[in-house]
K.L.:
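Below is the structure I would like to discuss, written out as structure tokens.
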Amino acid sequence: GQQLNQSPQSMFIQEGEDVSMNCTSSSIFNTWLWYKQDPGEGPVLLIALYKAGELTSNGRLTAQFGITRKDSFLNISASIPSDVGIYFCAGQAPHTGANSKLTFGKGITLSVRP
Amino acid sequence: DAGVTQSPTHLIKTRGQQVTLRCSPKSGHDTVSWYQQALGQGPQFIFQYYEEEERQRGNFPDRFSGHQFPNYSSELNVNALLLGDSALYLCASSSPAFRHPQYFGPGTRLTVL
């Protein structure tokens, strides 16, 4: 089935640094979402993107919906220790309704060194 | 504004048993989706309920079934449990309105021995 590609599996950065992560797909999606998950908890929505080319910010987070509709990027600026966690991208396929299933990547584990 | 709630938090079962997990959606949401998340993986879509009917289904066997109640809460049932069913089971709620994302609950950790 469809799968979203996130790499690398892990990223290690210094506190205060910016970090960028991307997500790619072989299929087109009409909605891209980014979630953060802490150990033993459910994913928390960070940013939702609904239009190709859209650039959306949420505090220190900025995400973009790729023009080809097959990729998305998440940037975190001036990282802080609480940014530690697993970052998932998720996509919703077109023509399946506004509430269609989410397809997730495998996630990127972010570590922030103080 | 209460978010998505799930119960129980943790559950331990043995192979062959049956289990029921419960989910209450976020206030104002009427659609519930269930996902299975194995260790180290992203969530995998099981099925979605809207208006008390299963609207979409992922690639899961019939041992996985569900139900939605008139108050929009939902149950996930798994029969004949296998060791491979051990996972974090996540419930997400949403509204069918355009541009309304899915919000997740904290999950139920199921361990099958």
Side-chain angles (χ1 to χ4, degrees), chain A residues 1-10 21 23-25 27 29-52 54 56 58 63 65 72 85-109, chain B residues 3-7 9-10 21 23-26 29-51 53-60 68 72 87-111:
Chain A
Q2 287 179 325
Q3 195 167 9
L4 299 185
N5 302 307
Q6 289 186 264
S7 64
Q9 266 190 310
S10 303
M21 48 189 82
C23 183
T24 61
S25 170
S27 305
F29 287 98
N30 64 345
T31 300
W32 286 90
L33 305 107
W34 286 90
Y35 291 87
K36 177 176 181 274
Q37 187 175 29
D38 292 328
E41 299 184 12
V44 174
L45 180 67
L46 299 175
I47 292 180
L49 302 157
Y50 300 101
K51 187 177 177 182
E54 179 181 356
T56 298
N58 178 10
F65 190 143
S72 178
I86 305 174
Y87 290 80
F88 289 98
C89 62
Q92 281 182 313
H95 312 303
T96 53
N99 242 338
S100 63
K101 67 175 185 178
L102 296 178
T103 299
F104 282 83
K106 289 189 175 182
I108 294 176
T109 300
Chain B
V4 180
T5 60
Q6 292 186 243
S7 64
T9 306
H10 296 87
L21 311 181
C23 171
S24 290
K26 187 176 167 67
H29 288 182
D30 55 9
T31 302
V32 173
S33 303
W34 286 91
Y35 294 81
Q36 180 195 66
Q37 186 178 23
L39 206 59
Q41 301 294 318
Q44 296 289 316
F45 176 76
I46 303 175
F47 44 52
Q48 182 183 85
Y49 278 84
Y50 172 64
E51 292 187 337
E53 291 186 4
E54 184 183 291
R55 294 291 173 146
Q56 297 179 65
R57 189 177 183 93
N59 190 24
F60 279 81
Q68 186 178 35
Y72 310 124
L88 181 67
Y89 287 86
L90 296 163
C91 168
S93 75
S94 56
S95 160
F98 179 60
R99 296 195 175 192
H100 205 115
Q102 295 181 23
Y103 291 87
F104 284 82
T108 294
R109 171 68 64 186
L110 172 65
T111 301

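Every chain is numbered from 1 and lettered A, B, ... according to where its sequence line falls, protein lines coming before strand lines.
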K.L.:
Could you look at Gln9(A) and say if it's the side chain, the backbone, both or neither that has a heavy atom under 4.5 Å from chain B?
P.N.:
neither
K.L.:
Can you find a heavy atom in the side chain of Phe104(B) that is under 4.5 Å from one in the side chain of Val44(A)?
P.N.:
no
K.L.:
Does CD belonging to Gln37(B) count more than 12 external heavy atoms closer than 6.0 Å?
P.N.:
yes
K.L.:
Just so I understand: if I count every heavy-atom pair under 4.5 Å between each of Cys91(B), Pro43(B), Gly107(B), Pro106(B) and chain A, which residue has the most?
P.N.:
Pro43(B)
K.L.:
Is it the backbone or the side chain of Tyr35(B) that comes under 4.5 Å from a heavy atom of chain A, or both, or neither?
P.N.:
side chain
K.L.:
Just so I know, are the side chains of Lys101(A) and Gln48(B) near enough to count as touching, which here means a heavy-atom distance under 4.5 Å?
P.N.:
no
K.L.:
Find out whether Leu88(B) and Gln37(A) are in side-chain contact, i.e. whether some heavy atom of one side chain is under 4.5 Å from a heavy atom of the other.
P.N.:
yes
K.L.:
If only atom types and distance count, is the side chain of Gln102(B) paired as donor or acceptor with the main-chain N or O of Ser100(A) below 3.5 Å?
P.N.:
yes
K.L.:
Does any backbone or side-chain atom of Leu33(A) lie under 4.5 Å from a heavy atom of chain B? Answer side chain, backbone, both or neither.
P.N.:
side chain
K.L.:
Minimum heavy-atom separation for Phe45(B) to Leu102(A), with atom names?
P.N.:
CB-O, 4.2 Å
K.L.:
Tell me, for Gln6(B) versus chain A, whether the close heavy atoms (under 4.5 Å) come from the side chain, the backbone, both or neither.
P.N.:
neither
